[in-house]
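Note that ligands are numbered from 1 as they come in the structure, with each ligand's atoms numbered from 1 the same way. Computation of the quantities below employed the complete heavy-atom set of this structure, encompassing side-chain atoms and omitting hydrogens, waters and symmetry-equivalent molecules.
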Amino acid sequence: MRMVFRWFGEGNDTVSLSHIKQIPGVEGIVWALHDVPAGEEWPMEKIFEVRDQAVKHGLHLDVVESVNVHEDIKLGRPTRDLYIQNYIATIEKLAQVGVKVICYNFMPVFDWARTELHKKMDDGSTALFFEKSRIDGIDPFKLVEEINRNSTLTMPGWEPERLAHLTSLFEAYKGVSAEDLWEHLAYFLKAVVPAAERCGIRMAIHPDDPPWPIFGLPRIITGQESLRRLLRIVDSPSNGITLCSGSFGANPENDIIGMIHEFHERIPFAHIRNVRVYDNGDFIETSHRTQDGTVDIAGIVKAYHDHGFSGYARPDHGRHLWDEECRPGYGLYDRALGIMYLWGLWDALERVEPIHGKGGTV
Ligand code: CS2
Ligand code: MN
């Protein structure tokens, strides 16, 4: 297991590279050019800039999260070919600085969705929260109207300045079914995976979060069956998975340990975090510790260890602790605690049965 840590870039993150360097066992950053809009080719000078910053701190940049996929690709519009060309050009450039894994997702319009970014927990910390009944059955057009009428009403991702853009995207997705989205994903992968292969890069799709359709938009990377289907589209190590335990874990029916056993050879990148799912379907992001949530983190780490996992892993969203002001879910403290928990589990497993000699699978 090679531990890495997400970093949003100089001036764009409250956590510095020197802080990251002090977390035990972290060898690299998980990075992206967050100011380059989806669909554009990444400029080489900016890539070199991040490379130089990372190298100065003795950190590598093997893992990129994410090279975002332009909506026209997800919508299957004719302009997608141009955006796919740009995507391939970016892959080729990233190979020049030694990138090994590119994480991406195929969620229409939104990345992860939550109803509250700072839900207060009993111990005084705050965390990202999803209230299911607030989202279920929402007609997105009605919500836009409501937000327009009532200026204090808002939801993460629904900021007033985005509303016009959101409305036109919702219009565009009206006729797009889950099957259409699968087709558009296949078209994208068939074009991009051979290029990634040539470059020695592994593409790794991030699951949908939460893993079910919201706001009437299709979502397709939701569980074990969808991962099977994804891997069949292009049978290559360069068509892989970012196995995010927190995203899949929001649906208690997902058997994450089973996914690791089935797909371990196609998981170059693991996101490991916990969530607590309530009976009514709400969920909150907890500490990484197994007992604190409903995801069996200890069992997950053991499953990776059983397979001699030598891919990259990072803690995922954390709570906001000790009055830290940070990007929602991306503070230093809870993610650093998470890493120490993951290492604790890992090292204990190593004591019992060292991987060395078993042979890794990734
Ligand atoms: C999230 C996502 O769970 C996560 O890691 O923070 O934003 C994730 O980075 C993207 O969906 C990956 O493309
Ligand atoms: Mn994740």
Cut-off 3.5 Å, no hydrogens considered: what does the side-chain donor-acceptor table look like for residues 34-42, sequence neighbours left out?
unit_1 : atom_1 : unit_2 : atom_2 : d
Asp35  : OD2    : Lys46  : NZ     : 3.0
Glu41  : OE2    : Lys93  : NZ     : 2.9

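Among the atoms of His206, an N, O or S atom is found under 2.8 Å from the Mn ion (ligand 2). Residue side and main chain included, Asp209 places no N/O/S atom under 2.8 Å of the Mn ion (ligand 2).
Side chain of Tyr87 to main chain of Val67: a donor-acceptor pair is present (N/O by atom type, distance under 3.5 Å, no hydrogens or angles).
No more than 12 heavy-atom neighbours from other residues, nucleotides or ligands sit within 6.0 angstrom of NE2 on His19.
Residues Glu197 and Arg202 are not paired through a salt bridge, judged by the lack of any N-O separation under 4.0 Å between the basic side chain and the carboxylate. Remark: Arg273 engages Glu285 in a salt bridge, criterion side-chain N to carboxylate O under 4.0 Å.
Of all N/O/S atoms in His271, ND1 sits nearest the Mn ion (ligand 2).
Considering Val15, Asp316, Leu321, Ile23 in turn, Val15 is the only one that fulfils the side chain to side chain contact (heavy atoms under 4.5 Å, CB included) rule with Arg335.
Residues Leu166 and Phe110 meet the side-chain proximity criterion, which asks for heavy atoms closer than 4.5 Å.
Within the cation-pi definition used here (under 6.0 Å to the ring centroid, within 45° of the axis), Lys100 does not qualify as a partner of Phe269.
Protein residues with a heavy atom closer than 4.0 Å to ligand 1 are Arg6, Glu65, Ser66, Cys103, Tyr104, Asn105, Met107, Asp111, Trp112, His206, Cys244, His271, Arg273, Arg314, Asp316, His317, Tyr330, listed by chain and number.
Take the Mn ion (ligand 2) as the corner point: the lines to SG of Cys244 and to OD2 of Asp316 open at 90°, to the nearest 10 degrees.
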